[in-house]
Protein chains: 2
Amino acid sequence: MITSAGSARGQETRQRIVDVALELFREHGYDGTTMRAIAKEARVSLGNAYYYFASKDDLVLGFYDQLQTAHESLAETVLAQETELEARLRGVVRAWVDEAEPYKDFAGKFFRNASDPSSPLSPFSKESSPVRDSAIALYGRVLDGTKVSPLVKDDLPELLWLYAMGIVLYWVHDASPRTAKTYTLIERSVPLVVKLVNLSRYRLLRSAVEDVKRLLTDVKQ
Amino acid sequence: MITSAGSARGQETRQRIVDVALELFREHGYDGTTMRAIAKEARVSLGNAYYYFASKDDLVLGFYDQLQTAHESLAETVLAQETELEARLRGVVRAWVDEAEPYKDFAGKFFRNASDPSSPLSPFSKESSPVRDSAIALYGRVLDGTKVSPLVKDDLPELLWLYAMGIVLYWVHDASPRTAKTYTLIERSVPLVVKLVNLSRYRLLRSAVEDVKRLLTDVKQ
DNA sequence: GTCTATAGTGGGATAGAC
DNA sequence: GTCTATCCCACTATAGAC
């Protein structure tokens, strides 16, 4: 969330606006939905809608937030069942695609803004850092109970999140029926990622791993 | 360019609009530049500007086109001098960053366009735009005269281009002074990429290479 | 702090005459 | 190909109610 708590009534209004917005987005697309229509449908004044959301784009952050929460709870059921890194990672990434499916049609519009660095919607922006942090934390939990070289354990959550962002990027552009190709990509790439992670155990690759780690610290913004 | 030729006078008007737009974008940023201001400065009516460019974003595509051409010619001088894969790749990628530098402030807006799946310019879209093809071809020329395993030679141009897209993605979000961090990233990652390419020579990794190749063919849109 | 109502402004985009 | 006139809508401003 962007704003701090507020009263119960405020939270309710806020939620109602997000809900209505998502419904209308799904129905008429992002551009086809006006702030006036959202306000009307949510039974608030236009000004009041802007009281809660600084801009139309800002509403999308509410969507991110909701999606993240839904993903988290779906992911937890996966993590409760699976113990192998491969199954855990695949399950969690798949859960995101499952969860986001109904919004596929207008996700492109969001992503368009999200890839603008000056937009608060950018996954790398300051504004989305709470969402980002909890997403990264989720990929940290993917590693729970698995055997991972301590050499990379600290960096892995962020790297796995980055990998998942790559999947999202692909998904947004995936026009195959029911995004079948995205599922194929996950199926095929997760084992590769896991192999790579396991390789980091070997002495032989220690210097290469150190190289990558140094690259990351130097280059992290 | 998007539209076909048109008359000489039309081409002139069109070019004038692009030139003015780039100048104003650089001066006041993308959002700070209105279509009205562009039209006025280019001495055409607002409607006439829209005759040539379907949208404000569309104007940015003119910029992309111009940048691509400039990059290619700068890259050629690099390729004429260097013979080692590492130096060639580093030089070509650096050339892009050098060339794009003056436009850094509003380059994000361009990137936004490119990552819109519904945009024909989307670098990941099926209908390969000529610009994308010539960019990939450029990374093919990076390999000229270098020793690369025939197992990967066919896929490498596209993969190197993908790597370069990753650098661009980073650059767009890079807020360090004179994008120093992007240059660091190039400096550190190019050797890793080259090492990886050289590793593909070894029998030991043949199955892994085949895995990746199969992944690519299955997942290519 | 939450909300209404209303009246703007600015700028992207379009229609249709010439 | 070029214009003028207009539309639409995100967003702002303001003044006040509870």
Side-chain angles (χ1 to χ4, degrees), chain A residues 1-22 24-25 27-63 106 109-110 112-113 116 118-121 127, chain B residues 1-21 24-25 27-63 106 109-110 112-113 116 118-119:
Chain A
M1 288 291 167
I2 304 317
T3 61
S4 52
S7 75
R9 182 162 61 115
Q11 279 304 315
E12 205 184 294
T13 306
R14 188 192 175 82
Q15 190 58 50
R16 205 167 63 239
I17 295 171
V18 176
D19 289 344
V20 164
L22 281 186
L24 292 181
F25 286 160
E27 213 165 318
H28 310 289
Y30 183 76
D31 291 333
T33 305
T34 68
M35 284 297 279
R36 281 171 172 82
I38 294 169
K40 191 177 177 184
E41 192 73 20
R43 303 184 312 277
V44 295
S45 69
L46 179 63
N48 199 19
Y50 276 103
Y51 173 78
Y52 284 103
F53 299 95
S55 68
K56 192 178 172 182
D57 280 350
D58 219 45
L59 261 168
V60 178
L61 269 179
F63 159 68
F106 64 89
K109 289 287 172 225
F110 294 170
R112 183 189 157 83
N113 292 324
D116 179 352
S118 63
S119 160
L121 295 183
E127 285 85 347
Chain B
M1 288 293 165
I2 305 312
T3 62
S4 52
S7 75
R9 183 162 64 111
Q11 279 304 317
E12 205 184 294
T13 308
R14 188 192 176 82
Q15 191 57 49
R16 205 169 62 239
I17 295 171
V18 176
D19 289 345
V20 164
L24 292 182
F25 286 160
E27 211 166 320
H28 310 288
Y30 183 79
D31 290 332
T33 305
T34 67
M35 283 298 281
R36 282 169 172 81
I38 293 169
K40 190 176 178 184
E41 193 73 16
R43 301 184 312 278
V44 293
S45 71
L46 178 62
N48 197 210
Y50 275 103
Y51 172 79
Y52 285 103
F53 299 94
S55 70
K56 190 178 173 184
D57 281 349
D58 222 45
L59 262 168
V60 180
L61 302 193
F63 152 71
F106 71 92
K109 304 299 176 187
F110 145 70
R112 187 178 73 171
N113 220 311
D116 180 353
S118 62
S119 160

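Below, read A as the first sequence line, B as the second, and so on, with proteins coming before strands; counting in each chain starts at 1.
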Open item on the list: Quick check: do A:Tyr51 and A:Thr13 have side-chain heavy atoms less than 4.5 Å from each other?
Closed with: no
- [ ] Round to a whole Å and report the spacing from CE of A:Met35 to P of C:dG10.
- [x] 20 Å
TODO: Let me know the distance between CG of A:Leu46 and P of D:dC9, rounded to the nearest Å.
DONE: 12 Å
TODO: Round to a whole Å and report the spacing from CG of A:Asp57 to P of D:dC9.
DONE: 17 Å
Open item on the list: Rounded to whole Å, please give me the gap between CG in A:Asp58 and P in D:dC11.
Closed with: 9 Å
Open item on the list: Check the phosphate of C:dT2 against A:Asn48, side-chain N and O only, distance under 4.0 Å to OP1 or OP2. Yes or no?
Closed with: no
Open item on the list: I want to check one thing: is the phosphate of D:dC11, taken as OP1 and OP2, less than 4.0 Å away from some side-chain N or O of A:Tyr50?
Closed with: yes
Task: Pairwise side chain to side chain donor-acceptor pair (under 3.5 Å) hits with a residue in residues 28-43 of chain A, at least two apart - done: A:Tyr30-A:Asp57
TODO: Nearest whole angstrom, please: distance from the C1' of C:dT4 to the NZ of A:Lys40.
DONE: 16 Å
Task: Distance below 4.0 Å between A:Thr13 side-chain N/O and C:dC3 OP1 or OP2 - done: yes
Task: Student check: side-chain heavy atoms of A:Leu59 and A:Ile38 closer than 4.5 Å - done: yes
Task: For atom CZ of A:Arg9 and atom C1' of C:dG1, their distance in whole Å - done: 8 Å
Task: Ring-face cation of B:Arg16 near B:Tyr52 (centre distance under 6.0 Å, axis angle within 45°) - done: no
Open item on the list: Taking 4.0 Å as the cut-off, does a side-chain nitrogen or oxygen of B:Tyr52 come that near to OP1 or OP2 on D:dT2?
Closed with: yes
Task: First of A:Arg43 and A:Arg36 reached from the 5' end of DNA chain C, by closest nucleotide - done: A:Arg43
TODO: May I have the distance from B:Leu59 (atom CG) to C:dG11 (atom C1'), rounded to whole angstrom?
DONE: 15 Å
Open item on the list: At less than 4.0 Å, is any side-chain N or O atom of B:Tyr51 found next to OP1 or OP2 of D:dG1? Yes or no.
Closed with: yes
Open item on the list: Counting only heavy atoms not in A:Glu12 (residues, nucleotides, ligands), do more than 12 fall under 6.0 Å from its CD?
Closed with: no
TODO: Looking only at side-chain atoms of B:Ser7, point me to the closest of C:dT2, D:dG1, D:dA10.
DONE: D:dG1
- [ ] Have a look at A:Thr34 and say if it touches a base, only the backbone sugar-phosphate, or nothing, with a 4.0 Å heavy-atom cut-off.
- [x] sugar-phosphate
Task: For atom CZ of A:Phe53 and atom P of C:dC3, their distance in whole Å - done: 12 Å
